[in-house]
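Only heavy atoms go into these numbers, but all of them, side chains included; no hydrogens, no water, no symmetry mates. Note that ligands are numbered from 1 as they come in the structure, with each ligand's atoms numbered from 1 the same way. For the single chain, residues carry numbers from 1 onward in sequence order.
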Amino acid sequence: MNDSVRFRVTSGTRVKLSGIDPAFKGRHADHASAADELQHYTERLRALQELLYADGRHSLLICLQAMDTGGKDGVINHVLGAMNPQGCRVAHFRRPSPEEAAHDFLWRAHRDAPARGEVVIFNRSHYEDVLVVRVHKLVSRAVWTERYARINEFERALAADGVAILKFYLHISSAEQLARFKARLQDPSKHWKITTSDYAERNFWRQYRRAYEDALSRCSTEYAPWYAIPSNHKWFRNLAIARIVVERLEAMNLKYPAPAVDLAQIRRKYHTAARR
Ligand code: AMP
Ligand code: MG
């Protein structure tokens, strides 16, 4: 079974995250044995992204969601960093600014949606409005419960307009998160990332789990599927995501546009031996 199928949350089914092993690593034993395959997919990714840009009819939106240390930054660096920065952009969803908060919750997601030919990565996304917002009761239950349907409508509208949408939940265990926090503490170059709320949020692990299960179960659709990616092993996570993105781009049947000029005439006029 390929990764695009294996990790995809089937539309209309209920996800149980406890049933997905965050330490799964498939057929490779370790990072070294997966390296060639990862390189293959990241090279394909670069070529396909250029084709998406040249083709200019479609765009790609990738949403990354995870608990802290889940690896959103790592995926952006290692996988999506392989793409040409011209035609690729990251939008980071933080606590809404006053301007953002004054609008409906989907406004900022729509504002940052990709233009034709473009790849946009959402580092966090409009799903925060049914995750952190739900867990911390920043709005009433009545408000967040109707958001799943609103999100589906929004994503359907984007998809109908030529936006391919892939959503990745980076699945790590609570023990792995604690180990990564500890590693941060031991690495001075990571100290800037540490906040006290990181640790406080661990008290809400179960609530986040439930909120993630609802988001993945209610909003994995044919047009905007969710993938639950085992992410305790960073190399496995990167490989699985690179493959799924490549397979999605390949399925788009992208084409270079027809040349805007008469090539035969140009060859004749400027490149025949007699003229050189
Ligand atoms: P980071 O991505 O680590 O820089 O953190 C961004 C923070 O903003 C996280 O704690 C998110 O949960 C928080 N955040 C993102 N979107 C929202 C939102 N709609 N409402 C409240 N907090 C949010
Ligand atoms: Mg953070």
Side-chain angles (χ1 to χ4, degrees), residues 17 61-81 89-113 120-155 158 165 167-172 174 176-185 187 189-216 218-219 224 226 229 231 234 237 241:
L17 290 175
L61 173 61
I62 297 172
C63 298
L64 297 177
Q65 285 288 164
M67 296 299 285
D68 247 314
T69 76
K72 299 186 302 295
D73 293 336
V75 169
I76 292 168
N77 268 326
H78 291 101
V79 182
L80 311 163
R89 170 165 71 82
V90 179
H92 193 159
F93 287 67
R94 298 188 175 85
R95 187 189 293 265
S97 67
E99 189 191 22
E100 289 167 350
H103 289 82
D104 68 277
F105 81 100
L106 289 166
W107 179 75
R108 61 178 180 165
H110 208 164
R111 184 191 58 192
D112 271 318
V120 171
I121 297 135
F122 281 4
N123 179 350
R124 304 186 190 271
S125 66
H126 44 297
Y127 284 91
E128 291 291 325
D129 290 282
V130 290
L131 293 165
V132 66
V133 167
R134 165 177 165 173
V135 169
H136 289 292
K137 302 183 166 59
L138 303 181
V139 299
S140 68
R141 167 178 278 267
V143 170
W144 61 253
T145 44
E146 57 93 38
R147 285 184 172 173
Y148 301 98
R150 301 260 311 277
I151 289 174
N152 288 340
E153 287 162 19
F154 166 65
E155 292 176 355
L158 291 185
I165 305 172
K167 302 176 296 197
F168 296 105
Y169 163 63
L170 313 179
H171 183 48
I172 57 166
S174 164
E176 176 65 18
Q177 185 190 56
L178 194 59
R180 291 183 185 186
F181 279 158
K182 192 173 170 193
R184 274 185 186 177
L185 216 46
D187 177 354
S189 76
K190 298 263 172 69
H191 285 173
W192 66 275
K193 285 192 172 191
I194 302 172
T195 68
T196 46
S197 75
D198 293 346
Y199 289 88
E201 286 299 90
R202 287 178 58 77
N203 298 324
F204 296 93
W205 192 271
R206 277 187 32 252
Q207 287 92 322
Y208 271 110
R209 264 294 157 91
R210 212 167 309 133
Y212 268 108
E213 286 179 342
D214 276 344
L216 270 61
R218 297 184 192 184
C219 299
W226 266 111
I229 305 292
S231 297
K234 296 173 182 176
R237 170 202 76 200
I241 292 178

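For ligand 1, the polar-atom distance check against K72 finds no nitrogen or oxygen pair separated by under 3.5 Å.
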Fill in: Residue pair H126, F105: steps toward the ring-ring contact (aromatic ring centres under 6.0 Å, His included) verdict
CA-CA 7 Å; H126 44 297; F105 81 100; 7.6 Å; no
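Between the side chains of R124 and Q65, no donor-acceptor pair of N or O atoms lies under 3.5 Å. Inspection of the H171 and E176 side chains reveals no N or O donor paired with an N or O acceptor under 3.5 Å. A donor-acceptor contact closer than 3.5 angstrom is absent between the side chains of Q207 and H136.
Taking all heavy atoms of R95, H126, Q65 into account, the minimum distance to atom 14 (N) of ligand 1 is reached by R95. Nearest residue to atom 1 (P) of ligand 1 from R94, K193, R124 is R124 (criterion: closest heavy atom).
Residue contact check: H92 has heavy atoms under 4.0 Å from atoms 1 (P), 2 (O), 4 (O) of ligand 1. With ligand atoms numbered from 1 in the order given, ligand 1 contributes 18 (C), 19 (N), 20 (N) to contacts under 4.0 Å with heavy atoms of V133. Within ligand 1, the atoms closer than 4.0 Å to a non-hydrogen atom of R108 are 16 (N), 17 (C), 18 (C), 19 (N), numbered from 1 in the order shown. Residue V132 has at least one heavy-atom neighbour below 4.0 Å for each of these atoms of ligand 1: 12 (O), 17 (C), 21 (C), 22 (N), 23 (C). The contact set between ligand 1 and D129, taken as ligand atoms under 4.0 Å from a residue heavy atom, comprises 19 (N).
Annotation: cation-pi geometry not satisfied between R108 and F93 (NZ/CZ under 6.0 angstrom from ring centroid, within 45° of ring axis).
Salt-bridge check for E146 with R150: passed, with a basic side-chain N closer than 4.0 Å to an acidic carboxylate O.
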